[in-house]
Number of protein chains: 2
Amino acid sequence: MSASETRQQIVEAADELFYHRGYEKTSFSDIADAVRISRGNFYYHFKSKDEILDAVIKGRLTATRLVLDSWETDAKGPVDCIRSFINILIANRADIKKYGCPIGTLSTELSKFDHVSRVDANRLFTLFRTWLCEQFEMLGCGDNSDRFAMHLLARSQGVATLAAAYRDDDFIRREVKEMSDWLDACVKPIAGASRRAG
Amino acid sequence: MSASETRQQIVEAADELFYHRGYEKTSFSDIADAVRISRGNFYYHFKSKDEILDAVIKGRLTATRLVLDSWETDAKGPVDCIRSFINILIANRADIKKYGCPIGTLSTELSKFDHVSRVDANRLFTLFRTWLCEQFEMLGCGDNSDRFAMHLLARSQGVATLAAAYRDDDFIRREVKEMSDWLDACVKPIAGASRRAG
DNA sequence: GTCTATACTGAGATAGAC
DNA sequence: GTCTATCTCAGTATAGAC
């Protein structure tokens, strides 16, 4: 097997394990077992556990960027884009009920002890934040755009946290509906204003 | 020192450390250092780390119960009570920015690997949930009471998560204001209906 | 590039002296 | 009730054979 293939497998396995068990709880053995390589081989590809975390975060950033791009090409407009974001809670509800949000739980874990990768992990949040902000700006929300973005991010995080605690499907659906309604209410006056203006 | 005193000190130190570092990251040595006892002495009071976690959760349940009671005696009515809940985000913002919500982060950590105490940790959420639900019921929210309770819990959790990620004070204040507005809007139609009815 | 063997550390936990 | 000494185990990490 080529080095880059093995490396890739390690990152993928680590990604999943960090999400499912948490960073601290995941050991080299866990990852090695998942990839079916020896613990020793490990260090040919990564010098430390932190380096794997780094690679995992970079991978997630790239993957997230791709998802955001696909939403933009598939959607009819910014409102549709934002709704795609809201709906990931439904799409990923099985995992969220078991492990929470992969971004939120990692960020929380690293925040606790000011891990070196804390800043990198938060860039995942920021990726969504700026993207959502852009959507709201396109809708003419102006100075409120970033606030709206943060508001949606926060609501999603809260839903993920409680969904994991109570493993409740109906709760997720209800809150997603409310977020969707909030979006409509938030956009309607702007659409009305532009109709009146135009 | 009496056994119960030492025990109490251990629980208090563990409570803080579990909050600040997380359960997994906190070792016996950490707790022993904080209380200034030897690691060995430890086992006179608790048989295992899980047992300490148990005691910490029980302590938090008792403390929370007391806080809820004090809110009820201090407040003018259910709306005031609910506002007290919303405002803990402001009151505890310094800690929340550093370590997130003590309940949410513990619940998240234990959920990941289905820890035995997961259910107990969630009882902390449930304590707030049922209490909030009762307040909404007193306001005549009927079948919506539990949904409103969960909605507020989720919003608080989301705010705590993002506040910890971005260490942002203004964001907390803004979201608290919005939750407060939501509460007003949520209660106004009921108050109006009862005025019309009465 | 992958393996085995192994060093080193810190974790949770126990035994027994005081 | 508290201590020191010690055990066992799992963790990260390294060295060197293949």
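What you see is a predicted model, and the numbers here were worked out from it, not measured in a lab. Letters A, B, ... mirror the listed sequences (proteins, then strands); counts begin at 1. Just so you know, these numbers use all the heavy atoms, side chains as well, and skip hydrogens, waters and symmetry mates.
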Query raised in the report: Does a nitrogen or oxygen in the side chain of B:Ser27 sit under 4.0 Å from OP1 or OP2 of C:dA11?
Result: yes
Query raised in the report: So does B:Asn41 get a side-chain nitrogen or oxygen closer than 4.0 Å to the phosphate oxygens (OP1/OP2) of D:dG1?
Result: no
Query raised in the report: Which word best sums up how the rings of B:Phe113 and B:His115 line up, parallel for under 30°, tilted for 30 to 60°, or perpendicular for over 60°?
Result: perpendicular
Query - Phosphate-side-chain proximity, B:Ser48 and C:dG12, N/O vs OP1/OP2 below 4.0 Å - result: no
Query raised in the report: For D:dG1, does OP1 or OP2 lie under 4.0 Å from any side-chain N or O of B:Tyr44?
Result: yes
Report task. Please state how far atom CG in B:Asp33 lies from atom P in C:dG10, giving the value in whole angstrom units. Result -> 13 Å
Query raised in the report: Should the pair B:Asp170-B:Arg174 be classified as a salt bridge under the 4.0 Å nitrogen-to-oxygen rule?
Result: no
**Report entry** B:Thr6 side-chain N/O to D:dT2 phosphate OP1/OP2 under 4.0 Å
**Finding:** yes
Query raised in the report: Looking only at side-chain N and O atoms, does B:Ser2 come under 4.0 Å of OP1 or OP2 in D:dG1?
Result: no
Query raised in the report: So, A:His151 and A:Arg147: side-chain donor and acceptor under 3.5 Å apart, yes or no?
Result: no
Requested in this report: Report the distance from atom CD of A:Glu24 to atom P of C:dG10, rounded to the nearest whole Å.
Outcome: 14 Å
Report task. Tell me what A:Thr26 touches on the nucleic acid: a base, only sugar-phosphate, or nothing, going by heavy atoms under 4.0 Å. Result -> sugar-phosphate
Requested in this report: Mind checking B:Tyr43 for me? I need base, sugar-phosphate or nothing, with any heavy atom below 4.0 Å counting as a touch.
Outcome: base
**Report entry** A:His20 and A:Tyr99 aromatic ring geometry - parallel, tilted or perpendicular at 30°/60° bounds
**Finding:** parallel
